[in-house]
Amino acid sequence: QVHLVESGGGLVQAGGSLRLSCTASGPTFGTSGMAWFRQPPGKEREFVAAVNYNGENTWYTDSVKGRFTISRDNAKNTGYLQMNSLKPEDTAVYYCNQLPNGAWGQGTQVTVSS
């Protein structure tokens, strides 16, 4: 069973940066894809970014392309989401997950003020 813990959220001004971390338990992280999702207030959870098992391939939703970078360090069982040039529209609870057969963590709150 996989357990994921997100961290690194906070309150930042528009234009600022944050780096989110996702630490996974268990032996399967290094052979699994990893993705970030977010849920803005009052909206449904949406896809943000994904990376394959070895970090060689990445995918991003259009609204974050050029601003966010997904990466991973399999030796640390940890994934990252570097978020630059943050906008108020990025305000959401951010979640990570493994693909396939992952599990949702509690998420980390990102709030971007204008």
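Interatomic distance, L81 CG to S21 OG, rounded to the nearest 0.5 Å: 9.5 Å. Rounding to the nearest 0.5 Å gives a distance of 10.0 Å between OG1 of T23 and CG of D73. Atom OH of Y94 and atom CE of M83 lie 5.0 Å apart (nearest 0.5 Å). Interatomic distance, CG of N97 versus CG of L4, reported as 5.5 Å (0.5 Å rounding). In this structure, S113 OG and L86 CG are separated by 10.5 Å, a value rounded to the nearest 0.5 Å.
At a threshold of 4.5 Å between non-hydrogen side-chain atoms, the residues D90 and F68 count as touching. T28 places a side-chain heavy atom less than 4.5 Å from the side chain of Q98. Within the 4.5 Å cutoff, the side chain of I70 has heavy atoms near those of the M34 side chain. At a threshold of 4.5 Å between non-hydrogen side-chain atoms, the residues S114 and Q13 do not count as touching. Taking 4.5 Å as the limit, some side-chain heavy atom of Y80 sits within range of a side-chain heavy atom of R19. The shortest side-chain heavy-atom distance between Y60 and T69 falls under the 4.5 Å cut-off. Between V51 and N57 the shortest side-chain heavy-atom distance does not fall below 4.5 Å. Counting heavy atoms from C-beta on, the side chains of L20 and T108 come closer than 4.5 Å.
Closest non-hydrogen pair, A103 versus V2, comes out as CB-O, 3.5 Å. A pairwise comparison of heavy atoms in G107 and E6 identifies N-OE1, 3.0 Å as the closest pair. Of all heavy-atom pairs spanning A35 and F37, the tightest one is CB-CE1, 3.6 Å.
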Query - W36 and F47: CA distance, side-chain angles, deciding distance, ring pair (Phe, Tyr, Trp, His ring centres under 6.0 Å) verdict - result: CA-CA 7 Å; W36 287 93; F47 170 78; over 10 Å; no
Report task. Begin with the C-alpha distance, continue with both residues' side-chain angles, and end with the deciding distance and a verdict on side-chain contact (heavy atoms from CB on, under 4.5 Å) for E46 and Q39. Result -> CA-CA 6 Å; E46 65 184 9; Q39 186 167 15; over 6 Å; no
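Side-chain atoms of R67 come within 3.5 Å of backbone atoms of S85 as a donor-acceptor pair (strictly under, hydrogens ignored). Distance alone, capped at 3.5 Å, is enough to place a donor-acceptor pair between the N52 side chain and the G55 backbone. Judged by distance alone, the side chain of T91 and the main-chain N or O of E89 form no donor-acceptor pair under 3.5 Å. Using a distance-only test at 3.5 Å, with no hydrogens or angles considered, a donor-acceptor pair links the side chain of N74 to the main chain of Y53. Distance alone, capped at 3.5 Å, is enough to place a donor-acceptor pair between the S25 side chain and the H3 backbone.
A side-chain donor from one of N84 and S17 sits under 3.5 Å from a side-chain acceptor of the other.
A cation-pi arrangement is present between R72 and F29, with the terminal nitrogen or guanidinium carbon under 6.0 Å from the aromatic centre and inside a 45° cone about the axis. R45 forms a cation-pi arrangement with Y95, by the criterion of a distance under 6.0 Å to the ring centre and an angle within 45° of the ring axis.
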